[in-house]
Amino acid sequence: MLDPLLLRQDITAVASGLKRRGYVLDTENYQGLESQRKAIQIKVQELQQQRNSRSKLIGHAKAKGEDIQPLLDEVASLGSSLKGAEQQEQLVLEQQKAILTGLPNLADASVPDGKDENDNLELRRWGKPRQFEFEPLDHVDLGTKLGEMDAEAAAKLSGSRFTLLRGGVARLHRALAQFMLDTHTQEHGYTELYVPYMVNADAMFGTGQLPKFADDAFITTDEIPRYLIPTSEVPMTNLVAGEILKADELPMQLTALTPCFRREAGSYGRDTRGMIRQHQFEKVEMVQIVQPDDSDAALERMTKHAEAILQKLELAYRVMLLCTGDMGFAAEKTHDLEVWLPGQDSYREISSISRCGAFQARRMKARWRNPETGRPELVNTLNGSGVAVGRTLIAVLENYQQEDGRIKIPAVLQAYMGGLEYIA
RNA sequence: GGAGAGGUGGCAGAGCGGUUGAAUGCACUGGUCUUGAAAACCAGCAUAGGUUAAUAGCCUAUCGAGGGUUCGAAUCCCUCCCUCUCCGCCA
């Protein structure tokens, strides 16, 4: 959520900032609501003040044993006019909130303007795409040949956009996740969490999935519905919701391995082959809760942490700075890591690292006590994949394939595979 | 699933329907004392909104959430959520 104060003070600046992201804010409408709110609020408060002071007088009079009937007559009509004013106030506040909670974050000044992924800026590359002396297969053909990747079996059980893994490939998938977690906890200073995979609406609101993107999430049929997490960013970040943290608790660096569930509504026909886009996939996620002046540095740190995973796996990748049009709702600046996939002959997203400023913190009421001011102030939040396990599996299969169909196991994973060197 | 207890400020913990934004203790901040520190003593110490030049005043709201009763609700009533204890079931 954007700072309501900012909208009051300089709505033109906000509107032009949002326009960079392709969001058109109806400033006249908002300002109209704002002045209505102000007028009604003043009226409500005046009435409340009258009621309070009258009630106090009645209390005093009663204590002295005086006749309170004249006083009661005085306030007779107050109640109904107050109630009416309060209802009006609520109506305006709801309308305002509906607009406010639907506004995306403002992009950082360093973010390039653009419409979609074609306008993203490449920051750097690491590693060279492998040159094959034979025609490389994609992960679907590789997995199927091995008999260890089975989309049909998954379809029988669950429908499209699911995959079943067996044997060595299933183990490799697990090894990747363990390796990533170990790297972040042992080398990058993250605390590992095990978190709920279902969260309530408040949590989904806090990180910005609700109310706007309700259609993207799976929801339970409980009386109080719960949402299957689309990423563990949701439970991890919301851990600090409503809290006032001490300065020495920051930065907080959290990581977790969880499945992620996404309905992929609106992506029909895209990436239908293979494991690229699934309703369910594993992801190791990193979350940082930081002081605002550490936010910029934290984004760079997290990007390095995600890069370290790909470097250790010796997978070629490039780092992209997302343009305004390609960023997520809560982000003010995002780096994407794109790994080289020989099967697609292109770089594909495998990690997304975002700085959210106070956007999520404001929604969650997550604060820290700033020693300099002595007051609670909003924290800043960041999140990033470290990295997507399913897509990393694809990358390893495709990049480490041998001409005979075997998969070489990356050196750093062999210890996680009982010393195995190849999947065959 | 059954029975019971409870949710109050950073924490702990009081609170006959009326002057309670809320006792007290701890923590924290400033001061006195001291060579320094501790102890003791004194003072201060919630968040948000409105008004405002103001992080000064003044006003309003907030005691799990949402409704209700009342001139007036932290206190009474209803619904829901959560926590704890005991029993049952269970990976």
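Predicted, not measured: the structure shown is a model, and the values here were computed from it. Excluded from the calculations below are hydrogen atoms, water molecules and symmetry mates; all remaining heavy atoms, backbone and side chain alike, are included. Here is the naming used below: chain letters follow the sequence lines, and residue numbers restart at 1 for every chain.
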Check your understanding: Listed by chain and number, what are the side-chain hydrogen bond (donor to acceptor under 3.5 Å, both in side chains) partners of A:Gln253, not counting sequence neighbours?
Key -> A:Gln288
Practice item. For A:Asp113 and A:Thr324, work out which heavy atoms get closest and say how close. Key: CA-OG1, 3.5 Å
Review point. Between B:rC11 atom P and A:Leu245 atom CG, what is the distance in whole Å?
Key: 12 Å
Study note, to complete from the structure: Which of B:rG49, B:rU69, B:rU47 is nearest the side chain of A:Lys83? It is B:rU69
Point to revise | Inter-nucleotide C1' distance (B:rG18, B:rA5), Å rounded | key: 30 Å
Study note, to complete from the structure: Rounded to whole Å, the CG-C1' distance (A:Leu93 to B:rG49) equals 10 Å
Could you pull out every donor-acceptor pair under 3.5 Å between side chains of residues 191-204 of chain A and any protein atom, sequence neighbours left out?
unit_1: A:Asn200; atom_1: OD1; unit_2: A:Asp202; atom_2: N; d: 3.2
unit_1: A:Asn200; atom_1: OD1; unit_2: A:Ala203; atom_2: N; d: 2.9

Exercise for review: Please step through side-chain hydrogen bond (donor to acceptor under 3.5 Å, both in side chains) for the pair A:Lys283 and A:Ser232, ending with a clear verdict.
Suggested key: CA-CA 8 Å; A:Lys283 183 154 60 72; A:Ser232 53; 5.2 Å; no
Which donor-acceptor pairs under 3.5 Å do the side chains of residues 145-153 of chain A make with protein atoms, sequence neighbours left out?
unit_1: A:Glu148; atom_1: OE1; unit_2: A:Gly168; atom_2: N; d: 3.2
unit_1: A:Glu148; atom_1: OE1; unit_2: A:Val169; atom_2: N; d: 3.0
unit_1: A:Glu148; atom_1: OE2; unit_2: A:Gly168; atom_2: N; d: 3.2
unit_1: A:Asp150; atom_1: OD1; unit_2: A:Glu152; atom_2: N; d: 3.2
unit_1: A:Asp150; atom_1: OD1; unit_2: A:Ala153; atom_2: N; d: 2.9
unit_1: A:Asp150; atom_1: OD2; unit_2: A:Arg166; atom_2: NH1; d: 3.2

Practice item. Could you please name the option among B:rG49, B:rG10, B:rA48 that lies closest to any side-chain atom of A:Arg367? Key: B:rA48
Practice item. Determine which pairs satisfy salt bridge (charged side-chain N to carboxylate O under 4.0 Å, His left out) with at least one residue from residues 230-250 of chain A, sequence neighbours left out, and list them in order. Key: none
Exercise for review: Return the set of residues passing ring pair (Phe, Tyr, Trp, His ring centres under 6.0 Å) with A:Phe162 (not counting sequence neighbours), or none when no residue passes.
Suggested key: A:His279
Practice item. Pick the P atom in B:rA56 and in B:rC45, then give their distance to the nearest Å. Key: 12 Å
Point to revise | Atom pair distance, as rounded to whole Å: NZ in A:Lys56 and C1' in B:rU70 | key: 18 Å
Review point. A:Gln96 has an atom CD; how far is it from atom P of B:rG50, in whole Å?
Key: 10 Å
**Study point:** Separation between the C1' atoms of B:rC41 and B:rU51, rounded to whole Å
**Key:** 40 Å
Practice item. Could you tell me how the ring of A:Tyr190 sits relative to the ring of A:His188: parallel (under 30°), tilted (30 to 60°) or perpendicular (over 60°)? Key: perpendicular
Exercise for review: For B:rC28 and B:rU35, measure between their P atoms and round to the nearest Å.
Suggested key: 25 Å
**Study point:** Side-chain N,O (A:Arg226) to OP1/OP2 (B:rC81) below 4.0 Å
**Key:** no
**Study point:** Sequence-distant partners of A:Ala415, side-chain contact (heavy atoms from CB on, under 4.5 Å), two or more places apart
**Key:** none
Review point. How does RNA chain B look in dot-bracket notation if pairs are Watson-Crick or G-U with both distances under 3.5 Å, crossing ones as [ ], other-strand ones as |?
Key: ((((((((.[[[..)..(.....]]].(((((.......))))).((((((.....)))))).[[[[[..)....]]]]])))))))....
Study note, to complete from the structure: Ranking B:rG18, B:rU19, B:rG67 by distance to the side chain of A:Gln90, first place goes to B:rG67
In a table with atom names and distances, give each donor-acceptor pair under 3.5 Å that connects a side chain of residues 29-45 of chain A to protein atoms at least two apart or in another chain.
unit_1: A:Glu34; atom_1: OE1; unit_2: A:Arg37; atom_2: NH1; d: 2.9
unit_1: A:Glu34; atom_1: OE1; unit_2: A:Gln96; atom_2: NE2; d: 2.5
unit_1: A:Glu34; atom_1: OE2; unit_2: A:Arg8; atom_2: NE; d: 3.2
unit_1: A:Glu34; atom_1: OE2; unit_2: A:Arg37; atom_2: NH1; d: 2.3
unit_1: A:Ser35; atom_1: OG; unit_2: A:Gln31; atom_2: O; d: 3.3
unit_1: A:Ser35; atom_1: OG; unit_2: A:Gly32; atom_2: O; d: 3.0
unit_1: A:Arg37; atom_1: NE; unit_2: A:Gln41; atom_2: OE1; d: 3.2
unit_1: A:Arg37; atom_1: NH2; unit_2: A:Gln41; atom_2: OE1; d: 3.2

Check your understanding: Mind checking the P distance from B:rC87 to B:rU20? Whole angstroms is fine.
Key -> 46 Å
Check your understanding: Atom CG of A:Leu72 and atom C1' of B:rG18: how far apart are they, to the nearest Å?
Key -> 13 Å
Practice item. Measure from the side-chain heavy atoms of A:Arg37 and tell me the nearest of B:rG50, B:rU47, B:rC71. Key: B:rG50
Point to revise | Whole-Å gap separating P (B:rG68) and CG (A:Leu82) | key: 12 Å
**Study point:** Stretch residues 38-55 of chain A: residues that reach within less than 4.0 Å of RNA chain B through a heavy atom
**Key:** A:Lys38, A:Gln41, A:Ile42, A:Gln45, A:Gln48, A:Gln49, A:Arg51, A:Asn52, A:Ser55
